[in-house]
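The chain is numbered in sequence order, starting from 1. Predicted, not measured: the structure shown is a model, and the values here were computed from it.
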Amino acid sequence: MELNEEQVVISMPRIGDPAPAFLATTTQGEINYPSDYLGKWSILFSHPADFTPVCTSEFMTFATLEKKFEAVNCKLIGLSIDGLYSHIAWLRTIKEKIAYKNMKDVEVTFPLIDDITMKVAHKYGMIQPNEDSTKAVRAVFFVDPKGIIRAIIYYPLSLGRNFDELYRVVVALQTSDAFNVATPADWQPGDDVIVGPAGSCGTAKERMDDAAIDCQDWFFCTKKLSKETVMENVLKKD
């Protein structure tokens, strides 16, 4: 059966998939993604267009927080379907002219991908035709050190991202990997974490009797995990 224009399916990678590979020109030179970032976490994020206000506020915020993300072994890579010279002019304008929320003279030093052909945007499902057929939506892909997509967040063109949440996701994913736990709603480092459901009646009983684990019932058990312990495991070791 033929699909009409309104039925076209937009493909995109899913959580657990390898991050689609690409070579790209950026404001920091050529990159080979995700190969150049293996061994590190990375956030690949798209924005609709250069010289737009919401995107400007986002890039200033991400640039200001870049060292904080690097401290938890996470690199940032931006993308829009504008060309390299537009990117360079926009980033220069941000540094020389724009002030926002006590941020000014902000230099963006992470790569911004030239994707004027939309090749990368289409690989990652960043073009959502019902939102806009010529601009990327605000997509965020969290990719682990093995090049596997671990989380995906999408925002419409009008909604700026919450950067505290993006940082929380990176730390929470690393915490889950390091300690074999899950993180509950609104979790922050230092909050209790969730112990996975018991796989047998015997294990369930043991957990109910374990003083280090707080079980409300067999399926809902939490335990303490200090902020210091969490951050010791996620902070990059020099």
Side-chain angles (χ1 to χ4, degrees), residues 13-21 31-45 61-78 109-111 124 139-155 161-200 202-238:
R14 296 165 294 189
I15 293 172
D17 287 351
I31 65 168
N32 183 358
Y33 190 83
S35 295
D36 290 348
Y37 295 85
L38 295 179
K40 300 180 181 295
W41 287 80
S42 61
I43 292 177
L44 173 65
F45 68 100
T61 305
F62 241 154
T64 302
L65 295 174
E66 183 179 11
K67 285 188 168 68
K68 183 176 181 178
F69 280 89
E70 284 194 347
V72 293
N73 196 33
C74 183
K75 293 288 191 179
L76 309 175
I77 309 102
T109 58
F110 55 80
Y124 280 81
V140 188
F141 289 83
F142 299 82
V143 179
D144 73 15
K146 295 180 180 179
I148 303 299
I149 295 170
R150 298 292 299 278
I152 303 170
I153 305 176
Y154 272 73
Y155 299 78
R161 284 164 271 221
N162 183 312
F163 290 85
D164 289 336
E165 172 64 4
L166 302 187
Y167 179 79
R168 189 187 80 93
V169 170
V170 173
V171 173
L173 289 170
Q174 294 189 49
T175 299
S176 293
D177 287 354
F179 299 100
N180 193 29
V181 296
T183 51
D186 295 329
W187 178 85
Q188 295 289 342
D191 292 347
D192 292 356
V193 292
I194 292 176
V195 180
S200 68
T203 302
K205 184 178 186 309
E206 289 172 5
R207 286 186 179 174
M208 296 294 287
D209 296 334
D210 188 338
I213 299 177
D214 178 18
C215 286
Q216 305 294 315
D217 205 333
W218 66 270
F219 70 94
F220 193 92
C221 298
T222 61
K223 69 177 183 179
K224 302 293 183 187
L225 188 61
S226 71
K227 181 176 180 178
E228 292 73 22
T229 301
V230 168
M231 299 313 292
E232 280 175 8
N233 276 270
V234 302
L235 288 175
K236 183 173 67 175
K237 308 296 191 296
D238 294 325

Does Ile153 reach the side chain of Phe45, with side-chain heavy atoms less than 4.5 Å apart? no

Rounded to the nearest 0.5 Å, what separation is found between the CG atom of Leu225 and the CH2 atom of Trp187? 7.0 Å

Any donor-acceptor N/O pair, Ser226 side chain to Gly190 backbone, under 3.5 Å: no

Working to the nearest 0.5 Å, report the span between CG of Asp17 and CD1 of Ile149. 6.0 Å

Nearest-0.5 Å distance that lies between atom CD in Gln216 and atom OG1 in Thr222: 6.5 Å

Closest approach of Tyr33 to Val143 (non-hydrogen atoms, all atoms of both residues): OH-CG2, 3.2 Å

Salt-bridge test for Glu165 and Arg168: reply yes if a basic N is under 4.0 Å from a carboxylate O, no otherwise. yes

For the residue pair Asp186 / Gln188, report whether a side-chain donor-acceptor contact shorter than 3.5 Å exists. no

Looking at Asp192 and Lys224, is any side-chain nitrogen of the basic one under 4.0 Å from a carboxylate oxygen of the acidic one? yes

Check: Phe69 and Leu166 side chains under 4.5 Å, non-hydrogen atoms: yes

If every non-hydrogen atom of Pro111 is compared with every non-hydrogen atom of Tyr37, which pair is closest and at what distance? CG-OH, 3.7 Å

From Ile15 atom CD1 to Ile148 atom CD1, the distance as rounded to the nearest 0.5 Å: 12.5 Å

So which heavy atom on Leu38 is nearest to which on Gly147, and how close? CD2-N, 3.8 Å

Measuring from Phe179:CZ to Asn233:CG, what's the distance to the nearest 0.5 Å? 3.5 Å

Would you check if the side chain of Arg161 reaches a backbone N or O of Ala139 as a donor-acceptor pair within less than 3.5 Å? yes

Hey, does the side chain of Thr175 reach the backbone of Val171 with a donor-acceptor pair shorter than 3.5 angstrom? yes

Can you give me the closest heavy-atom contact between Pro34 and Ala19, atom names plus distance? CD-O, 3.8 Å

For residues Asn73 and Gly39, report the shortest heavy-atom separation together with the two atoms involved. ND2-O, 3.3 Å

Spatial distance of atom CD (Gln174) from atom CZ (Arg150) [nearest 0.5 Å]: 9.5 Å

Between Lys75 and Asp36, does any side-chain N to carboxylate O distance fall below 4.0 Å? no

With Phe163 via ring-ring contact (aromatic ring centres under 6.0 Å, His included) - residues at least two apart: Phe62

For Val193 against Pro184, the heavy-atom pair lying closest together: CA-CD, 4.3 Å

Report the residue from Ile43, Asn162, Leu65, Val72 that forms a side chain to side chain contact (heavy atoms under 4.5 Å, CB included) with Tyr167. Val72

With a 4.5 Å limit on heavy-atom distance, are the side chains of Trp41 and Pro145 in contact? yes

